[in-house]
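Below is one structure; the comments refer to it alone.
As the structure is a prediction and not an experimental result, all values here were calculated from the model.
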Amino acid sequence: MMQTKIIVQNLKCGGCANTITKHLSSFEDIRDINVEAELSSVSFSYENETTLQEVEHKLKQLGYPVVGDANSYMNKAKSFISCATGKMNQ
């Protein structure tokens, strides 16, 4: 197992963290998911190299692109929707 910590954009609160955790939990080879809103970080263990790219793609779809990637208005809007969804599912 490999471990990583990704710093993302638009991560603001526990609602965001819940959404990210829920979506990453659907990956079969991801374990030990830890989302820290205060640090804008997402850390986890994974088995396959391709999983890291898939996770980064999923995070961007949810509105949380990796720091250094473009952060469009669309990403920001998606993050607000993801955040609200996460808050409703707490």
**OP:** Output yes when a side-chain donor or acceptor of Ser43 lies under 3.5 Å from a complementary backbone atom of Lys5, and no otherwise.
**Re:** no
**OP:** Please name all residues satisfying side-chain contact (heavy atoms from CB on, under 4.5 Å) with Gln61, sequence neighbours left out, ordered by chain then number.
**Re:** His57, Lys58
Subject >> NZ (Lys78) with more than 12 external heavy atoms under 6.0 Å >> reply: yes
Subject >> Qualifying residue, where the test is side chain to side chain contact (heavy atoms under 4.5 Å, CB included) with Phe44 and the options are Ile33, Asn34, Asp29, Val35 >> reply: Ile33
Original post:
Just wondering, do Ile7 and Val66 contact through their side chains at under 4.5 Å, heavy atoms?
Top reply: no
**OP:** Report yes or no: does Asp32 contribute a side-chain atom to a donor-acceptor pair with the main-chain N or O of Ser45 at less than 3.5 Å?
**Re:** no
Subject >> Shortest non-hydrogen contact from Gly63 toward Asn10 >> reply: O-ND2, 2.8 Å
Subject >> Short side-chain to backbone donor-acceptor contact, Ser82 and Ser79, under 3.5 Å >> reply: no
Original post:
Within 45° of the ring axis of Phe80 and under 6.0 Å from its six-membered ring centre, is that where the NZ or CZ of Lys12 lies?
Top reply: yes
Original post:
Excluding sequence neighbours, so at least two apart, what forms side-chain contact (heavy atoms from CB on, under 4.5 Å) with Lys60?
Top reply: Pro65, Asn75
Original post:
Can you get from Leu52 to Val67 by hopping between Ile, Leu, Val, Met, Phe, Trp and Tyr side chains that sit under 4.5 Å apart?
Top reply: no
**OP:** Determine, step by step, whether Met2 and Glu47 satisfy the side-chain contact (heavy atoms from CB on, under 4.5 Å) criterion, reporting the C-alpha distance in whole Å, the side-chain angles of both residues, the deciding distance to 0.1 Å, and the verdict.
**Re:** CA-CA 6 Å; Met2 297 169 273; Glu47 294 177 16; 5.9 Å; no
Original post:
So, for Tyr64 and Cys83, which heavy atoms are closest and what is the spacing to 0.1 Å?
Top reply: OH-N, 3.6 Å
Subject >> Closest heavy-atom pair and its distance - Phe27, Thr51 >> reply: CD2-CG2, 4.3 Å
Original post:
Is there a donor-acceptor contact under 3.5 Å from the side chain of Thr21 to the main chain of Asn18?
Top reply: no
**OP:** Assess whether atom CE of Met74 is packed by more than 12 heavy atoms of other residues, nucleotides or ligands within 6.0 Å.
**Re:** no
Subject >> Exam field: side chain Glu36 to backbone Val42, donor-acceptor pair closer than 3.5 Å >> reply: no
Original post:
Could you give the distance from CG (Leu59) to OG1 (Thr19), rounded to the nearest 0.5 Å?
Top reply: 11.5 Å
**OP:** Flag the pair Lys76 / Gln9 as yes when at least one side-chain heavy-atom distance between them is below 4.5 Å, and no otherwise.
**Re:** no
Original post:
Could you give the distance from CE (Met88) to OG1 (Thr85), rounded to the nearest 0.5 Å?
Top reply: 4.5 Å
Original post:
Can you check whether Cys13's main-chain N or O pairs, donor with acceptor, with Glu38's side chain at less than 3.5 Å?
Top reply: no
